[in-house]
Amino acid sequence: QVQLAESGGGLVQPGGSLRLSCVVSGSISSIDVMGWFRQASEKQREPVALIPGDGGARYAESVKGRFTISRDNVKNTMYLQMNNLEPDDTAVYYCYASVEPFWGPGTQVTVSS
């Protein structure tokens, strides 16, 4: 069973940028799908971006053109580059992998002036 650990969250002003990282304890090269989800206060968890092992990233409409997902199979790390952040991006961001335990503990992103 792998372990997932997110980092890189924090407080940023609207229009700012953050890069989230998800370090996987084992090899990610055999993980079919990885991605980022987020859950805002009193809302359901929703997908932000997904990336299969062979590429072909997909994004939620609300983040297209602003967020970029990538994975480094050598460093066993997945990233989410978030640019031009908006207050509606405020949420706990979770790393997802298509193997148990499926989720990391999450990292808080707050976009506020």
Side-chain angles (χ1 to χ4, degrees):
Q1 192 177 62
V2 301
Q3 291 184 340
L4 310 175
E6 305 95 337
S7 63
L11 173 64
V12 64
Q13 292 186 342
S17 298
L18 285 174
R19 188 176 80 156
L20 305 183
S21 299
C22 174
V23 178
V24 182
S25 62
S27 172
I28 70 170
S29 60
S30 61
I31 298 177
D32 185 21
V33 178
M34 297 191 70
W36 292 94
F37 285 65
R38 67 186 181 188
Q39 186 167 14
S41 180
E42 300 182 359
K43 292 187 177 181
Q44 290 189 335
R45 192 172 298 189
E46 62 178 9
V48 175
L50 296 173
I51 184 167
D54 59 355
R58 290 176 286 174
Y59 298 91
E61 284 296 325
S62 60
V63 306
K64 278 184 179 178
R66 301 188 297 122
F67 291 9
T68 303
I69 189 172
S70 61
R71 56 193 286 178
D72 186 330
N73 288 353
V74 175
K75 295 183 178 180
N76 293 324
T77 304
M78 179 180 62
Y79 304 96
L80 185 68
Q81 178 66 44
M82 305 186 294
N83 298 328
N84 194 20
L85 283 159
E86 303 169 353
D88 284 348
D89 295 318
T90 295
V92 177
Y93 283 70
Y94 295 92
C95 172
Y96 166 81
S98 56
V99 294
E100 290 187 354
F102 302 116
W103 303 103
T107 185
Q108 176 71 47
V109 172
T110 302
V111 184
S112 174
S113 56

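Judged purely by distance below 3.5 Å, without hydrogens or angles, the side chains of S29 and S27 pair a donor atom with an acceptor atom. A donor and an acceptor atom, one from each side chain of S17 and N83, are located under 3.5 Å apart. There is no side-chain donor-acceptor pair under 3.5 Å between E86 and N84.
When all heavy atoms of I51 and R71 are compared, the pair lying nearest together is O-NH1, 3.2 Å. Counting all heavy atoms, side chain and backbone alike, L4 lies closest to V24 at CD2-CG2, 3.7 Å. In this structure, T77 and K75 approach most closely via the heavy-atom pair OG1-O, 2.9 Å. Nearest heavy atoms, V99 versus V2: CG2-CG2, 3.8 Å. Taking all atoms of both residues into account, the shortest heavy-atom contact from I69 to A57 is CG2-CB, 3.5 Å. Scanning all heavy atoms of the two residues, the minimum distance from C95 to M34 falls at SG-CE, 4.3 Å.
Counting heavy atoms from C-beta outward, V63 and W36 have side chains that stay 4.5 Å or more apart. Side-chain contact between P105 and E6: present, with at least one pair of heavy atoms (C-beta onward) separated by less than 4.5 Å.
For the side chain to side chain donor-acceptor pair (under 3.5 Å) condition, the pairs that include at least one residue of residues 90-101, sequence neighbours left out, are R38-Y93. Within the structure, ring pair (Phe, Tyr, Trp, His ring centres under 6.0 Å) contacts touching residues 46-76 (residues at least two apart or in different chains) do not occur.
Here the side chain of S112 pairs no donor or acceptor atom with the backbone of T110 at under 3.5 angstrom. Here the side chain of Q81 pairs no donor or acceptor atom with the backbone of T68 at under 3.5 angstrom.
Taking OG1 of T107 as the reference point, atom CG of L80 lies at 11.0 Å (rounded to 0.5 Å). Rounded to the nearest 0.5 angstrom, C22 SG and D72 CG are separated by 12.5 Å. Atom CZ of R19 is separated from atom CE of M82 by 11.5 Å, given to the nearest 0.5 angstrom.
Hydrophobic cluster membership differs between L11 and V92, with clusters built from Ile, Leu, Val, Met, Phe, Trp and Tyr side chains linked at under 4.5 angstrom. In terms of hydrophobic clustering, with Ile, Leu, Val, Met, Phe, Trp and Tyr side chains grouped at heavy-atom distances under 4.5 Å, L18 and F37 are assigned to different clusters.
Within 6.0 Å of the CD atom in Q3, the count of heavy atoms belonging to other residues, nucleotides or ligands does not exceed 12.
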